[in-house]
Amino acid sequence: MHEFDLIRQIDSFAADHEDVKVGIGDDAAVTSSHAHKDVISCVDTICEGIHFKRSTLHLSDIGYKALAVNLSDIAAMGGTPRYYLVSLAMSPEWKQEEILEIYRGMNDLAERYGVLLIGGDTVSAQHDLMISVTVLGEIEKSRSLLRSSAREGDVVFASGTLGDSRGGLDLLLSGGLTAPRTEQEHALVGVHQRPEPQLTLGQLLKESGCRIALNDISDGLSSESWELAEASRVCICLEEEKIPVSENATKLFGNETAYEYALTGGEDFQLVGTVAKSDWPAIASAAKEKGIRLSAIGSVTQEGAPQVLMQKNGERTAIKRAGYRHQ
Ligand SMILES: Nc1ncnc2c1ncn2[C@@H]1O[C@H](COP(=O)(O)OP(=O)(O)O)[C@@H](O)[C@H]1O
Ligand SMILES: Cc1ncc(C[n+]2csc(CCOP(=O)(O)OP(=O)(O)O)c2C)c(N)n1
Ligand SMILES: [Mg+2]
Ligand SMILES: [Mg+2]
Ligand SMILES: [Mg+2]
């Protein structure tokens, strides 16, 4: 593969937009800024062997997911994604046509949310493929939804169902991409390969104007609840029977495994957050109106030392900060 030829081909995915003053082709991209907006920036990387294998994601899914995980972080701030940059490090066995197929998957998602490719980087690696995507987004000044906003008395909520992605990963690791699958199995695999970033929900929560703490679920509900508890210095108490555990995973793997997947499986890219009890009914009905599942799953019981508890049959026990960990 030839670096410059690949970049020329990738350039065909870069759309024209009046806010992109300089896109692919110079030393850096130049975009116009708006005085009344804050910029939201994030970067997440996906690596072959760690985040995907050729047996778990199609080429186009690799691109889709590399962008989706970043759009999920923008969603968790309540923001609107605008631009993205892609850094590729790849070993010689990766063919140009395969890389372009990865870009097609990324472009599918980018087009749906109006996010524009404005640059990146291409280097060789001795082994495997690594894709790092940087997203720049925006939000009205000082309106970002932070992990640190939880307060005593808040309702804790989560979107969608949890544990599906981990269930899908199980099926993919054992059966690969082509095993015959039931509709339920197919649904789990779909969540793992193409999680939907919760941008509509993030923006709905921001638009509400309520004080909301928010985080997205990349490592698992347990880990993300701990991140909220630590950033806000509060105790969060989850109620086990209210957690929206994946119905498909429950049927396929049993109740206990489905709960474990919801708490520690990760990669659901749903949102978990907190809102004042008095604001919860309005938030819940606004989400329902948009067809978004939002469940109350617990409460913020006190401020002070960070803690996460699980209430089951009236008893509360501390839960560990379990979930996916690198290294
Ligand atoms: N290598 C790094 N250098 C600088 N900041 C980092 C690095 N890795 C992570 N961070 C920052 O640490 C915070 C937590 O990162 P992470 O757990 O990856 O968040 P998320 O799960 O939302 O992607 C983020 O603010 C992120 O920008
Ligand atoms: C082949 C394979 N094995 C295991 C996993 C599971 N997995 C890999 S990384 C990860 C956590 C999310 O990734 P991370 O880089 O921690 O994202 P961040 O928290 O920064 O958003 C999970 C659950 C996977 N997706 N694919
Ligand atoms: Mg990250
Ligand atoms: Mg996040
Ligand atoms: Mg992580």
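Just follow the structure's listing: the first ligand is 1, and inside any ligand the first atom is 1.
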**Asked** Looking at atom 23 (C) of ligand 2, what's its closest protein heavy atom, distance included?
**Response** Gly265 O, 3.2 Å

**Prompt:** Counting only heavy atoms not in Lys141, do more than 12 fall under 6.0 Å of its NZ?
**Reply:** yes

**Message:** What I want to find out is whether Asp170 reaches Arg166 closely enough, with some N-O distance under 4.0 Å, to be called a salt bridge.
**Reply:** yes

**Asked** Considering residues, nucleotides and ligands other than Glu256, do more than 12 of their heavy atoms fall under 6.0 Å from its CD?
**Response** no

**Item:** Modelled atom types, side-chain donor and acceptor of Glu93 and Ser91, under 3.5 Å
**Value:** yes

**Asked** Protein heavy atoms: any of them under 4.0 Å from atom 10 (N) of ligand 1?
**Response** no

**Message:** I need the contact type for Leu169 against ligand 2. Using non-hydrogen atoms and a strict under-4.0 Å cut-off, is it side chain, backbone, both or neither?
**Reply:** side chain

**Request:** Run through Val308, Val245, Leu238 and flag the one making a side-chain contact (heavy atoms from CB on, under 4.5 Å) with Leu221.
**Result:** Leu238

**Prompt:** Below 2.8 Å, any N, O or S contact between Asp44 and the Mg ion (ligand 3)?
**Reply:** yes

**Request:** Specify the protein heavy atom at minimum distance from atom 19 (O) of ligand 1: its residue, its atom name, and the distance to 0.1 Å.
**Result:** Arg147 NH2, 3.9 Å

**Prompt:** Between Lys65 and ligand 2, is there a nitrogen or oxygen pair with a distance under 3.5 Å?
**Reply:** no

**Message:** Within ligand 2, which atoms have a heavy atom of Asp219 less than 4.0 Å away?
**Reply:** 11 (C), 12 (C), 16 (O), 19 (O)

**Message:** Tell me whether the count of non-hydrogen atoms from other residues, nucleotides or ligands lying under 6.0 Å of CG in Asp5 goes above 12.
**Reply:** yes

**Message:** Are Arg194 and Asp61 packed together at the side-chain level, in the sense that at least one heavy-atom pair is separated by less than 4.5 angstrom?
**Reply:** yes

**Request:** Any atoms of ligand 1 less than 4.0 Å from a non-hydrogen atom of Ser218? List them with their elements.
**Result:** 21 (O)

**Prompt:** Is there a heavy atom of Met77 sitting under 4.0 angstrom from any atom of ligand 1?
**Reply:** no

**Message:** Using modelled atom types and a 3.5 Å cut-off, is there a donor and acceptor pairing between side-chain atoms of Ser159 and backbone atoms of Leu271?
**Reply:** yes

**Message:** If we ignore hydrogens and angles and just use 3.5 Å, is the side chain of Ser232 paired with the main-chain N or O of Val234 as donor and acceptor?
**Reply:** no

**Message:** I want to check something: taking the side chain as every heavy atom from C-beta on, are Glu98 and Arg54 in contact at a cut-off of under 4.5 Å?
**Reply:** yes

**Asked** Which residue and non-hydrogen atom of the protein lie closest to atom 20 (O) of ligand 2, and at what distance in Å?
**Response** Asp44 OD1, 3.0 Å

**Asked** Which residue from Cys47, Cys42, Ser218 reaches closest to atom 12 (C) of ligand 2 through any of its heavy atoms?
**Response** Ser218

**Asked** Salt-bridged, Glu247 to Arg293, with N to O below 4.0 Å?
**Response** yes

**Request:** Provide the number and element of each atom of ligand 1 under 4.0 Å from a heavy atom of Asp44.
**Result:** 23 (O)

**Message:** Under 4.0 Å and counting heavy atoms only, is there anything from the protein next to atom 27 (O) of ligand 1?
**Reply:** no

**Asked** Do the rings of Trp280 and Phe157 sit parallel, tilted or perpendicular, given the 30° and 60° boundaries?
**Response** parallel

**Prompt:** Just wondering, do Leu177 and Gln193 contact through their side chains at under 4.5 Å, heavy atoms?
**Reply:** yes

**Prompt:** Between Asp73, Val69, Ile217, which one has a non-hydrogen atom sitting closest to atom 22 (O) of ligand 1?
**Reply:** Asp73

**Prompt:** Near His192, which atoms of ligand 2 are under 4.0 Å from a heavy atom of that residue?
**Reply:** 25 (N)

**Prompt:** Closest non-hydrogen protein atom to atom 25 (N) of ligand 2, residue and atom name please, with distance?
**Reply:** Glu267 OE1, 2.8 Å

**Message:** If we set the cut-off at 4.0 Å for heavy atoms, which region of Arg166 has an atom near ligand 2: side chain, backbone, both, or neither?
**Reply:** neither

**Message:** So if I count the atoms of ligand 2 from 1 in the order they appear, which ones are less than 4.0 Å from some heavy atom of Ile50?
**Reply:** 2 (C), 3 (N), 4 (C), 5 (C), 8 (C), 24 (C), 26 (N)

**Request:** Please write down residue, atom name and distance for the protein heavy atom closest to atom 17 (O) of ligand 1.
**Result:** Glu227 OE2, 4.3 Å

**Asked** Among all protein non-hydrogen atoms, which one is nearest to atom 14 (P) of ligand 2, and what is the separation to 0.1 Å?
**Response** His326 NE2, 3.3 Å

**Prompt:** Short list, please: which atoms of ligand 2 are under 4.0 Å from a heavy atom of Lys53?
**Reply:** 1 (C)

